[in-house]
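The structure under discussion appears below in the form of structure tokens.
Nothing here was measured: the structure is a model prediction, and the numbers come from that model. Convention: sequence-line order gives letters A, B, ...; per-chain numbering from 1.
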Amino acid sequence: MPSPHPIPCRAEILRNEKVAPEVYWLELGLGGHFPPPYPGQFVLLRVLNAWEPFLLRPMSIFAFETSRRGSRMEVLYRVVGRGTRILASRCIGEPLDLIGPLGRGFQAGGGRPRILIGGGMGVAPLVFLASRPEPEDVLILGCRSTSEFPVDFVRERVRVPVRVCTEDGSCGVTGVAPEMAEALAAQCEWKVEVIAGGPPAMLAVVARLCEDRDVPCQVTLEARMACGTGSCLGCAIPTRPPGLYRRACTEGPVFEAREIRWEALP
Amino acid sequence: MPSPHPIPCRAEILRNEKVAPEVYWLELGLGGHFPPPYPGQFVLLRVLNAWEPFLLRPMSIFAFETSRRGSRMEVLYRVVGRGTRILASRCIGEPLDLIGPLGRGFQAGGGRPRILIGGGMGVAPLVFLASRPEPEDVLILGCRSTSEFPVDFVRERVRVPVRVCTEDGSCGVTGVAPEMAEALAAQCEWKVEVIAGGPPAMLAVVARLCEDRDVPCQVTLEARMACGTGSCLGCAIPTRPPGLYRRACTEGPVFEAREIRWEALP
Amino acid sequence: MKSPDLAVHWGPLRLSNPLVLSSGTHGMGEDGPRLFPPEILGAIVSKTVTVDPREGNPPPRVAETPCGMLNSIGLPNPGIDAYERDVHPRLVSLGVPVIVSIAGFTRDEYRTLAARVDRLESVAGIEVNVSCPNVERGGMVAGASPGETLAVLEAVTGETDRAVVAKLTPNVTDIVEIGQAAMEGGARMLSVINTLVGMSVDVDRRCSNLGVMTGGLSGPAIHPVGLANLWKLAKATGAPVLGGGGVVSAEGALAYLIAGASAVGIGTATFVDPFAPVHILEGIADYLERHEFASVTEVIGSLAETQADLSFPEEAC
Amino acid sequence: MKSPDLAVHWGPLRLSNPLVLSSGTHGMGEDGPRLFPPEILGAIVSKTVTVDPREGNPPPRVAETPCGMLNSIGLPNPGIDAYERDVHPRLVSLGVPVIVSIAGFTRDEYRTLAARVDRLESVAGIEVNVSCPNVERGGMVAGASPGETLAVLEAVTGETDRAVVAKLTPNVTDIVEIGQAAMEGGARMLSVINTLVGMSVDVDRRCSNLGVMTGGLSGPAIHPVGLANLWKLAKATGAPVLGGGGVVSAEGALAYLIAGASAVGIGTATFVDPFAPVHILEGIADYLERHEFASVTEVIGSLAETQADLSFPEEAC
Ligand SMILES: Cc1cc2nc3c(=O)[nH]c(=O)nc-3n(C[C@H](O)[C@H](O)[C@H](O)COP(=O)(O)OP(=O)(O)OC[C@H]3O[C@@H](n4cnc5c(N)ncnc54)[C@H](O)[C@@H]3O)c2cc1C
Ligand SMILES: Cc1cc2nc3c(=O)[nH]c(=O)nc-3n(C[C@H](O)[C@H](O)[C@H](O)COP(=O)(O)OP(=O)(O)OC[C@H]3O[C@@H](n4cnc5c(N)ncnc54)[C@H](O)[C@@H]3O)c2cc1C
Ligand SMILES: Cc1cc2nc3c(=O)[nH]c(=O)nc-3n(C[C@H](O)[C@H](O)[C@H](O)COP(=O)(O)O)c2cc1C
Ligand SMILES: Cc1cc2nc3c(=O)[nH]c(=O)nc-3n(C[C@H](O)[C@H](O)[C@H](O)COP(=O)(O)O)c2cc1C
Ligand code: FES
Ligand code: FES
């Protein structure tokens, strides 16, 4: 599945709406030339049309649609720092520069039932993946609390069964996503594939579970990025064997879980 | 006439309207605490609420009014570079940070009839001065062409007689402001005071005319500024005796013409 | 909860808080820092004073750069006589510790200035601006050479027992070597960084945007450079170092403290945000409360060091 | 009107235009400059290659700074064998002159690399990255010392007749002295600037924002520093110097040319604006037409010099 060739593109903000206390739903109009992305790919957004903030921000593609009137892309983002705070202040109708689609998305599996596991914002690329579901897909959505994450908003966006767990029990099962995944996988005697996105600590647990059972597992990882196109060698992900790094923006952001040296992630 | 103490202030853009091809009329709502400025004073505007562009831009106060609902300030500016281009793109309702009022304005004269001479954008502070006219004030307004400068707009803003000259004859007399001033002053046998703003070359000619006839002459000068408050010593104006500099933002921007070393201006 | 203690020691000086207004960024005291209450500062460093009055460089003297500015002010000042008579009393009246910045064109001038400042009252310290060309040594900036830095500091400390700060230039190969020479010469504290040498060109007119060819770069653009210098210097010398360069926010100030600065200098920020000192001090207090530190001193030098450091030098990548 | 001639000579090289894509800012050729047509460039400098393969530094390797970025990539590269086999052919296939950047940890390694690159086909020149620590001399960066710079350049030029460029670090007291040493050592051209040493701290976690403590600063923030270095170096040495550091626009590129650069380097800009090279070349052509220059060479070194220069050094003000 060769990745489409990325392009720089001036998008228009069609929506930039708060869907949870610090979480925003961004919709962008892209015109007709944007190459259709694969689930798991991402874009780099210039939050302000200026040299400050200097670097572009990587964001997973949450949804993508092409119609006669051009394409629309959606992003789900959390305000965590300066760049995302500025992004949240941008208005409908304003232009927004971006580069994409970038990276290597999720790889087609071996036909086993897929368990998609999303921890918090890590669910964003899985929602795009689940918009083109395979028959037996299940999405597990874990987060701390519904007060921090737009659980219902996300649940309504996907067409696969969704199981929710929260740490504070505010929605679904009280617990964390890997536990729920473990239970679910056990029901299928681990004849599954796992695809996970979320905080590295959660991914490391999931990866371990899968490796122990020899279950194929893809994870999507984050890294600080400058160029997003393989040019700066900045987005190093420690992979096996030790001493080897790969680029999250080019060889990733989706990796085989067993390739990752989890203990060396920053 | 002690200058009012300047304050930093978040203004609101009430108007930002093109009045000639590259000239804009900016109106700002200031709230109730902005110290009433004197004609000849200026403000520093932060064109964008960010660290880039880094420095604030100095602009003369073109008009100022206080009412129960707070004060309003007007600025007339020409787009000449990056900062003013960004300023021209700002929208009504947006906040705009400024510091002011700054500098030493025009000084009360000796009761002689005053000839105010404005060359291009240099007329801005004179319009504020002419909003509080003395009985025999006359304003000479010189510019290259009505296609470059909003002659009618300015003429309608002042309550003193206005004489217009343009280099291309597109309005009023064909000629330059110093010539017109010379003719007018001669009619009064040079028993006048002169107050001038405009390009340094024009001001130097006016200053020369006045010095030769021992006529009091105030000029308002521009300089690159960083702080606007006397702190950086950046806005040096070469004054007499040679080797001495004064600060345009603090000792100026209005100076006695005979104090200036015109040949040493950048 | 008690509000956190902001007081710091910078060498022998005790400051009510770590924020020090840098030399040359608040005029000659006539207008002072006009837009914020100066008494909130930890200390103020005077504009550098020379033996004789100086008028400074021809205009333009300032130019904007990306996230910063260049200046070529040229050290205008009324000379030590007028400083003593007019400027010093005004600075002292601001109600904060005053550090007097001096620069000489010969070792003798440094000696003269030190002796003169030593006689003044209400002097918290003397800052030695070593970015001054030594006319006896081909105009090389004293602070560019460890030997000359040592000599200048010895000249100064031979004349005074007051606390002497050496303010170092970052335009050197090895700032640690210079800082060590300054301490050997009797400095009690160090200060980094003075401006970086820079240039800006008006491409349409094909001339410098300054009245001279080059100037000194300051503002947020140089924050990473100041921070690297501070960290290396504080770590290698163990001296009490004031860190500054490009501080415009509480985060920027805290970065210096965390990296080991005893105090933090602020200059250019006040040009574009006159309330910057107020916001920075509030932000530091907030940070301390949020992270449950009782005192700012607990933060100083708290930076975690990776063992992976310097597997390869910064500039080669 | 004929469109202006953009061709330049940089030492013995003739480039179709002055824009050179800098080392380390376009991967190892696998992905190349993917978003703009590489054939528009005047030349491309390879990622620095070392004798042995290197994996580079632990992440994070990049951090944002005001108008710039820090990197601590750590020179990952597949080593000269794989460069010869895999990377070089890919770079050559881009259809522009390829300059091969090399770095050694000993003089011998430089010698080895020079000999190996000399054997390659389609090599327009060899860029010597002197920002590499010499392990034989206590890890000091070669480019920090005139003597070691001379020795490294002699080692390289002893092995090859190809055009050799010395790429200098700005983290030195006197770049002119280093540039002169490089020319004495046989360099035909110089290149400035590599990155400035800088640092960035995560104040909440009290650790470096990089996986190591310090990194190299690039981007618009350093443009004034690069320009001052270029101007001093070109003026004092008369050597053909490529100027770069912080170029993001045609104006930024023209500033280097006007100040005396034979060619202009661009790196970081392409990360945040992949079409920057296209816009810059268009902007230069526009400028030449607007100012009625027939050729870009007429602009090179056209800067007016004020006689008032250096009444006082930049950093003292
Ligand atoms: C491939 C990829 C896809 C991503 N998809 C999403 C998404 O769909 N939704 C979403 O909300 N976020 C996503 N992120 C993370 C997002 O890029 C960062 O949250 C954002 O860049 C922070 O910018 P800031 O200026 O607000 O924060 P900063 O002030 O720069 O930093 C604040 C915090 O954010 C973290 N951070 C900053 N940059 C990155 C980065 N490049 N990667 C990871 N963490 C970072 C830092 O650790 C820091 O603690 C993705 C990151 C990557 C690499
Ligand atoms: C006291 C004072 C009052 C002023 N009043 C007005 C006014 O009422 N209306 C108006 O249109 N302009 C006024 N100016 C000039 C105005 O400040 C500049 O035009 C503006 O700062 C240019 O910003 P820029 O970013 O667009 O231009 P830049 O890109 O910074 O520069 C473009 C050109 O503008 C000139 N310029 C830049 N800064 C200054 C400056 N501080 N002073 C003089 N020239 C400068 C430069 O020579 C340059 O060629 C005043 C300047 C001063 C000092
Ligand atoms: C306009 C201006 C004038 C300065 N004058 C002096 C001076 O006289 N003596 C001195 O030691 N430093 C001087 N400096 C340097 C500052 O004190 C400070 O070290 C430097 O600007 C970096 O800090 P900043 O980025 O916070 O401004 C001056 C800086 C500026 C911008
Ligand atoms: C991510 C990154 C990697 C770099 N790698 C190298 C390198 O391998 N060799 C080298 O000589 N310079 C390297 N540099 C320095 C650049 O070639 C250039 O000199 C510097 O970044 C300044 O220019 P700029 O501001 O246009 O990027 C690197 C710079 C960056 C940002
Ligand atoms: S972000 Fe530059 S190589 Fe991945
Ligand atoms: S602009 Fe700073 S002193 Fe006038």
List the atom pairs, donor and acceptor, that lie under 3.5 Å between side-chain atoms in residues 59-66 of chain C and the rest of the protein, sequence neighbours left out.
from	atom 1	to	atom 2	distance (Å)
C/Arg61	NE	C/Asn57	O	2.7
C/Arg61	NH1	B/Leu233	O	2.8
C/Arg61	NH2	C/Glu55	O	3.0
C/Arg61	NH2	C/Asn57	O	3.0
C/Glu64	OE1	B/Arg57	NH1	3.3
C/Glu64	OE1	B/Arg57	NH2	2.9
C/Glu64	OE2	B/Phe54	N	3.1
C/Glu64	OE2	B/Leu55	N	2.7
C/Glu64	OE2	B/Arg57	NH1	2.6
C/Thr65	OG1	C/Gly68	O	3.2
C/Thr65	OG1	C/Met69	N	3.4

| message | For the CZ atom on B/Arg82, are there more than 12 heavy atoms of other groups (residues, nucleotides or ligands in this structure) within a distance under 6.0 Å? | response | yes

| What's the shortest heavy-atom distance between C/Pro58 and B/Tyr245, and which atoms? | CA-OH, 3.2 Å

| Spatial distance of atom CG (C/Leu35) from atom SG (B/Cys227) [nearest 0.5 Å] | 9.0 Å

| request: Could you look at B/Pro238 and say if it's the side chain, the backbone, both or neither that has a heavy atom under 4.5 Å from chain C? | output: side chain

| message | Can you tell me if B/His5 has over 12 outside heavy atoms packed within less than 6.0 Å of its NE2? | response | yes

| task | Under 4.5 Å heavy-atom distance to chain C, tell me which part of B/Ala226 shows up: side chain, backbone, both or neither. | result | both

| said: I need the minimum non-hydrogen distance between B/Ile99 and C/Pro274, along with the two atoms involved. | reply: CD1-CG, 3.3 Å

| field | Residues, nucleotides or ligands: over 12 heavy atoms within 6.0 Å of B/Arg208 CZ | value | no

| Do any pairs count as a salt bridge (charged side-chain N to carboxylate O under 4.0 Å, His left out) and have a residue in residues 222-242 of chain B, sequence neighbours left out, and if so which ones? | B/Glu211-B/Arg240

| field | Among B/Cys235, B/Ala223, B/Pro53, residue most engaged with chain C (heavy-atom pairs, under 4.5 Å) | value | B/Pro53

